[in-house]
Amino acid sequence: MDATLQYLLDLLDLERIERDIFRGDSHASVIPRVFGGQVAAQALVAACRTAPEDRLPHSLHSYFLRPGDPGSPIVYTVDRIRDGRSFTTRRVVAVQHGQPIFHLSASFQVAEEGLEHQEQMPDAPDPETLPTADELLPRYADLFFHESAVELLLQARRAIDLRYVAEPPFATAGEPREARSQVWFRINGKLDGDRDDPVVHLCLGTYVSDMTLLDSVLLAHGRGGWMTGDIVGASLDHAMWFHRPFRTDEWLLYDTDSPTAQGGRGLARGRIFTRDGKLAVSVIQEGLMRVPRPRP
């Protein structure tokens, strides 16, 4: 298994320090705070550790309250809100330096049969025909405000094979485009043994879901994003609905769009499809999106 993937899996394998209290490490991201997808995934891990084994999460709703410190561990406290006959509810608070930085509510359900329909998967080229991050990012090194930006981005995404269907926001900064983005992604390795668990795939999917979701907002306004310095932003909230099983070690299409931006905030919607066209996950996030003011 790739060492960076093993590191990511270890990052999601929280230490249990009390019945409903867990501790997780952090790693540095391309911005000087903990990556939001990491906190969301770790919080979901904590919730899953306290839920009955016969049910999986079907949704989560969360708020990012404060920037996380990548140099310090995060403590996750779980409240067992309800255990019903079909549904379980958990609330998780992530704490650093005595203050809450993240809040998550997750709902779990036993497997049931019922009515079923879904949207059709949008057209997208085969992922193998698209450039890898190692091939794509160096092309745009001169656009980033930090000389080590490419290295930082590649390091942050080394465990994930993420491929843009069209050019990413930083490649066409200054040119507004349709508020829609697509990426294919999968982890760099196969899960087997104890790691090949539906909960692990759900938590890895949660981790990746925060990587490119706000790209669609940036595209609508011709903004390159955090690494080009033409926008200041952060995730504000994050919601996911898990519809059907999926494997993160197989290709998944992440199709996102943005219906609106206003008040310094942008809204993005995402759909994650399996390669054979099954709608696996729906995602919605609102992000802080401020245009830097010129210095006097």
Side-chain angles (χ1 to χ4, degrees), residues 29-41 43 59-68 101-105 119 122 124 137 140 143-146 149 152-153 156-157 160 162 164-185 205-241 252-273 281-294:
S29 64
V30 293
I31 49 179
R33 58 176 180 262
V34 176
F35 170 51
Q38 175 204 304
V39 183
S59 69
L60 65 84
H61 300 260
S62 61
Y63 285 93
F64 297 92
L65 306 176
R66 292 179 175 87
I101 65 168
F102 180 77
H103 174 279
L104 175 141
S105 294
E119 292 180 301
L137 291 174
Y140 304 104
L143 301 179
F144 299 139
F145 69 86
H146 196 289
L152 291 171
L153 282 167
R157 298 180 178 180
I160 311 296
L162 188 149
Y164 282 92
V165 169
E167 289 187 302
F170 52 77
T172 58
E175 303 174 13
R177 292 158 49 190
E178 180 186 6
R180 184 182 180 189
S181 176
Q182 288 182 327
V183 295
W184 284 99
F185 73 88
T206 300
Y207 179 90
V208 179
S209 69
D210 190 39
M211 280 188 168
T212 61
L213 183 54
L214 293 177
D215 281 2
S216 55
V217 184
L218 298 173
L219 290 170
H221 299 273
R223 295 285 165 174
W226 343 116
M227 299 307 291
T228 65
D230 65 358
I231 205 78
V232 176
S235 302
L236 295 174
D237 57 16
H238 196 79
M240 302 180 72
W241 292 264
L252 297 166
L253 178 68
Y254 198 8
D255 181 84
T256 67
D257 72 341
S258 175
T260 185
Q262 75 298 311
R265 307 185 313 277
L267 186 69
R269 302 176 295 197
R271 300 175 299 167
I272 299 177
F273 292 87
V281 188
S282 294
V283 190
I284 293 183
Q285 181 181 108
E286 192 168 46
L288 177 69
M289 310 289 277
R290 288 177 176 156
V291 177
R293 295 180 179 179

*asked:* With a sphere of 6.0 Å drawn around OH of Tyr63, does it hold more than 12 non-hydrogen atoms of other residues, nucleotides or ligands?
replied: no
*If every non-hydrogen atom of Leu213 is compared with every non-hydrogen atom of Ile284, which pair is closest and at what distance?*
CD2-C, 4.4 Å
*Value rounded to 0.5 Å, distance of CG in Asp237 from NE2 in His103*: 12.5 Å
*For Arg177, what residues pass the side chain to side chain donor-acceptor pair (under 3.5 Å) criterion, not counting sequence neighbours?*
Thr172
_CZ/Arg290: more than 12 non-hydrogen atoms of other groups inside 6.0 Å_ = no
_Under a 3.5 Å distance rule, please check whether Asp230 uses its side chain to pair with a backbone N or O of Gly225 as donor and acceptor._
yes
*Hey, which of Asp257, Asp215, Asp255, Thr256 is the one that makes side chain to side chain donor-acceptor pair (under 3.5 Å) with Arg180?*
Asp255
*Compare every heavy atom of Leu219 with every heavy atom of Ser181, then report the nearest pair and how far apart it is.*
CB-CD1, 3.9 Å
*asked:* Between Ser59 and Trp241 (side chain of the first, backbone of the second, donor and acceptor by atom type, cut-off under 3.5 Å), is there such a pair?
replied: no
*Provide the closest heavy-atom pair for Ala268 versus Val217 in the form atom of the first, atom of the second, distance.*
CB-CG2, 4.3 Å
_Nearest-0.5 Å distance, CD1 of residue Ile101 to CG of residue Leu65_ = 8.5 Å
_Distance-minimising heavy-atom pair for Ser258 and Leu267_ = OG-O, 2.7 Å
_Check whether Tyr254 reaches the backbone of Phe185 with its side chain - one donor and one acceptor, N or O, closer than 3.5 Å._
no
_With a 4.5 Å cut-off on side-chain heavy atoms, are Met211 and Leu162 touching?_
yes
*Taking all non-hydrogen atoms of both residues, which atom of Met289 and which atom of Gly266 are closest, and how far apart?*
CG-N, 3.7 Å
_Taking the ring of Phe170 and the ring of Phe144, is the distance between their centroids below 6.0 Å?_
yes
*asked:* For Glu175, give me all partners under side chain to side chain donor-acceptor pair (under 3.5 Å), at least two apart in sequence or on another chain.
replied: none
*asked:* Test of understanding: with side chain to side chain donor-acceptor pair (under 3.5 Å), list the residues that count as partners of Glu167, not counting sequence neighbours.
replied: Tyr140
*Give the minimum heavy-atom separation between Gly205 and Met240, together with the two atoms involved.*
O-CE, 4.2 Å
_Can you tell me how the ring of His238 sits relative to the ring of Phe64, calling it parallel under 30°, perpendicular over 60° and tilted otherwise?_
perpendicular
*Could you walk me through whether Leu253 and Ile272 pass the side-chain contact (heavy atoms from CB on, under 4.5 Å) check?*
CA-CA 5 Å; Leu253 178 68; Ile272 299 177; over 6 Å; no
*If you measure from CD on Gln182 to OG1 on Thr212, what distance do you get to the nearest 0.5 Å?*
10.5 Å
_Using ring centroids (six-membered ring only for Trp), state whether Phe35 and Tyr207 fall under 6.0 Å._
yes
*Would you say the side chains of Asp210 and Gln285 form a donor-acceptor pair under 3.5 Å?*
yes
